[in-house]
Structure formats: structure tokens, C-alpha cells
Amino acid sequence: MTKPTYVDIAKRAGVGSATVERVLNGRGGVKEHTAQKVLLAARALDWPGRMPEMHRGIIRIEVILVRPDTTFYARLAQAFRRIASSLDTTIQIHLTFLQEDDPVAISERITNPSIRRSGLVIASPSHPQIGAALRKAHKGGLPIVQVVSKTIEEADFVGIDNRAVGRMAGLMVSRFVGIEGTLVALCHSQIYQVHKERIQGFSDFIERNPREGLNFNHVFFGMDDHDASVRCVMEALHLWPDLVGFYNAGGANTAILQYLRRSGRKMFFAGHELTDVTRSSLADGTADVIFDQMPEAQARRATDLLFSKIGLLHETVDNPPIRFTTITAENL
């Protein structure tokens, strides 16, 4: 193969050939993230020359997540750790957990990271302050991939089709609840766009496919808190003694399913994420269907997409919605 030219590198990096010349000859005057794009392009094209000392070193990817106490985010974090362990030592993934109810801290971390990073993967609430910080970082040239939850339109999003999973919940409830009665739903709150989309999909299906005697009456907000979510279930049972279907679009499945099991109150239950608790609840009939959004697949796709953005992958990474799985007692 012939030696790549400055023009070749410039085309791959999306910069001018003069910028390439300045970076490869260590002349300075080039922003750090632009210099990294040039060096990544030069590496990809097997540039034979020595890389300038000022720009050599580790390529760092930061992954910001929330709620380490939940099984889903624990699975997501573990998936990123496994990916990190398989990478070359010159590429590092730095995992950071922040409090979901502290948008100031999340915004500050986006804007002023503690490490020099080449890209960002983030799962966070849909908060205006976080959105502003992400837009600023994106406008400044930082490659960003949103995973699980979508906050801004400008950056790529990796996740399931949440309206589709809500529609699937509506279909399952409508088809498998054989008696008349009331349906209710529960989600975290309105800070997660994905939860709103799930509820919207559920509501849309019920509205467009009405079944006589089956009524969707209310959405509760439990903040994914165990005690608050159980209180929502108790209130629903008090308000609607004919409650026959419950869709939990968020978390706190453990507390809800334990309460239903203790109370002996049977209803059709649809929820999210396959865990030890939801698995056992499917097996004993407390839960009827669980949708799993495959956090391992989301971590892999988000990493590949970001690596493509910064030049570590040569191939284009397609990004259709991640396929969720529908699990019942019959396919555990």
C-alpha cells in the first residue's frame, strides 16, 4: 500500500490538510479534540511517521450512568466493563455513576469532565439543564451517544422503540385479560422521555383497539421507589376493586410483585427487565409478561457507534432500534 497523504488523512478526519500538517508535525494551534480526530485518522490509514508526543496517549471514553442500585443499570454497567476489558490498552472506558435527581451535577460533569475524553456515552434523565449541557458539548465537537434514555435530538440514541413496547404491553393485556374491568399503569415520573413514550404507546393501543368492558383509567407516578410504588398499587386497588390489569412501565418490580404475591390478589401484570425477581414471578404466575430491553446489546451498539464516530471503526454502524424481548413463563 502507498503511504497515505495529508489529503487522505484530512478527508477521513473531516478537516483541512493544513490542520493535518500542523498536528503531525507538532506545530500546535489545533484544538485537542480536532488533533485527536487527525491522529485517529492517521492511525486508521497506517501513517508510518511518528506521532507527535503532545498528542500521543490514551483514548478515553466516558460512560455516565445513573441508579447503580437497579438490576438494569447494573447489567448495563457490567456490559461496558466487559467491553472495556477486551480493548487495547490505549483505549479506556471510564464508568461514572451520578445521582439521577441531581441534574446540576450531571450537567457539570458533561461540561467539565475530570478526564480528557474523546467521546461520551450517557444515560440520564430528560432534564432541560442536562440537555443544554449536552448540546453545548455536541456543538463543541464532542462525539456523544445517548443510551437507554433520549434527551436531545442532535446526538445519536441507542435503545429500544419505547412506543412499540408500550403498544405490545397494550396488546398483551387486551388479548389475555379475559374479564371486564379496569387497567392502570405506573411509571417513574415525567423526567424520562422513554417512560412517557411507553405509556403513550400503551394508551394508543388501548384507544385504537377498544374492548368492551375493559377501561384504561389512570397513570401513577412511583419514582421507581419501592414504598411509593406499592402505595400506588394499593391506591389503585382501593379506587378500582375491579382492577384486572397493571402495566409497570418503570422499575420497582421487586416491591410490587412481592406485595401482589403476599396479598394473593391476582391481576394481569406486565413489566420490564428480566431479573431474578421477575423470573420467579413469571414462573409462579404473579407476573404474566416481562419485556427486556437487552442492556448488553445497547452497550455494545453504543460503543461501536461511538468508536465509528471517533475513527476507531472503519465500518458504518447501523443504528435501528434495539429489539426488545417478550418473555412469559413459557419461554423463560
Side-chain angles (χ1 to χ4, degrees), residues 63 65-67 70-73 75-76 79-80 100 121-127 130-131 134 144-176 183 185-209 216 219 221 224 245-251 253 268-275 278 282 287-306 308-309 316-328 331:
V63 177
L65 304 178
V66 294
R67 305 181 63 200
T70 64
T71 302
F72 172 79
Y73 279 104
R75 286 172 61 191
L76 186 63
F80 278 115
E100 71 171 357
V121 177
I122 183 168
S124 69
S126 306
H127 189 279
I130 296 172
L134 286 172
I144 298 171
V145 175
Q146 302 167 98
V147 65
V148 183
S149 181
K150 186 176 183 180
T151 300
I152 63 172
E153 295 294 331
E154 293 88 338
D156 286 293
F157 167 69
V158 172
I160 65 172
D161 183 333
N162 286 282
R163 285 190 174 84
V165 77
R167 292 194 299 270
M168 178 63 81
L171 182 150
M172 297 292 279
V173 170
S174 295
R175 295 285 175 86
F176 293 102
L183 308 176
L186 172 73
C187 69
H188 181 288
S189 62
Q190 299 196 55
I191 67 171
Y192 285 102
Q193 180 65 28
V194 293
H195 286 187
K196 291 191 287 187
E197 290 174 356
R198 290 175 188 176
I199 296 296
Q200 187 64 58
F202 183 77
S203 176
D204 286 348
F205 184 90
I206 301 298
E207 181 179 348
R208 294 173 185 174
N209 301 273
F216 178 35
V219 178
F221 300 114
D224 286 359
F246 193 94
Y247 173 42
N248 182 18
N253 280 322
F268 189 96
F269 180 91
H272 286 259
E273 314 315 337
L274 188 64
T275 66
T278 56
L282 286 171
D288 297 276
V289 60
I290 294 295
F291 306 106
D292 193 79
Q293 58 178 316
M294 307 294 288
E296 296 81 6
Q298 295 197 43
R300 180 74 268 174
R301 173 80 62 75
T303 304
D304 287 348
L305 195 59
L306 191 61
S308 178
K309 286 177 173 294
T316 299
V317 178
D318 294 329
N319 188 31
I322 298 291
R323 288 191 178 275
F324 60 87
T325 56
T326 302
I327 306 165
T328 69
N331 67 332

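Nothing here was measured: the structure is a model prediction, and the numbers come from that model.
Taking CG of Leu282 as the reference point, atom OG1 of Thr328 lies at 7.0 Å (rounded to 0.5 Å). Here CG of Asn162 is found 10.5 Å from CZ of Arg167. Values are rounded to the nearest 0.5 Å. We find the OH-OG distance between Tyr192 and Ser126 to be 8.5 Å, quoted to the nearest 0.5 Å. Distance check, rounded to the nearest 0.5 Å: CE of Met168 to CZ of Phe324 gives 5.0 Å. Summarising the geometry, atom OG1 belonging to Thr326 is positioned 8.0 Å from atom CG belonging to Asn331; distances are rounded to the nearest 0.5 Å. For the atom pair Asp156 CG and Lys150 NZ, the distance stands at 9.0 Å (nearest 0.5 Å).
Contact of the Ile191 side chain with the His127 side chain is not registered, since no non-hydrogen atoms from C-beta on lie closer than 4.5 Å. When side chains are defined from C-beta on, Val121 does not count as touching Thr303, because their heavy atoms never get closer than 4.5 Å. The closest side-chain heavy-atom distance from Phe72 to Val148 is below 4.5 Å. Looking only at side-chain heavy atoms (C-beta outward), Pro125 and Ser149 stay at 4.5 Å or farther from each other. Looking only at side-chain heavy atoms (C-beta outward), Glu100 and Asp224 stay at 4.5 Å or farther from each other.
In this structure, the side chain of Arg301 does not engage the main chain of Val147 through any donor-acceptor pair within 3.5 Å. With Gln146 contributing its side chain and Thr151 its backbone, the two residues share a donor-acceptor pair below 3.5 Å. At distances below 3.5 Å, not a single donor-acceptor pair connects side-chain atoms of Ser308 with backbone N or O atoms of Asp304.
Scored by the side-chain hydrogen bond (donor to acceptor under 3.5 Å, both in side chains) test, Thr275 finds Thr278 as partners (sequence neighbours excluded). Shown here are the side-chain hydrogen bond (donor to acceptor under 3.5 Å, both in side chains) partners of Glu273, two or more places apart in sequence or in another chain: Gln293.
Counting all heavy atoms, side chain and backbone alike, Pro321 lies closest to Ile160 at CB-C, 4.2 Å. Nearest heavy-atom pair across Arg323 and Met294 is O-CG, 3.6 Å. Annotation for His272 and Asn253: closest pair O-ND2, 2.7 Å, computed over non-hydrogen atoms. Minimum interatomic distance between Ile290 and Phe269 (heavy atoms only, all atoms of both residues): CD1-CE2, 4.4 Å. Residues Ile144 and Leu306 come closest through the heavy atom pair N-CD1, 4.1 Å. Here the closest heavy-atom approach between residue Ile327 and residue Leu274 is recorded as CD1-CD2, 3.7 Å.
Between His195 and His188, the ring-plane angle classifies as tilted under the 30° and 60° cut-offs.
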Could you give the side-chain donor-acceptor pairs of residues 200-209 under 3.5 Å, partners two or more places apart or in another chain?
residue, atom, partner, partner atom, Å
Gln200, NE2, Asp204, OD1, 2.8
Asn209, ND2, Phe205, O, 3.0

*Would Phe268 and Val289 count as a side-chain contact (heavy atoms from CB on, under 4.5 Å) if you check the C-alpha gap in whole Å, the side-chain angles of each, and the deciding distance to 0.1 Å?*
CA-CA 8 Å; Phe268 189 96; Val289 60; 3.9 Å; yes

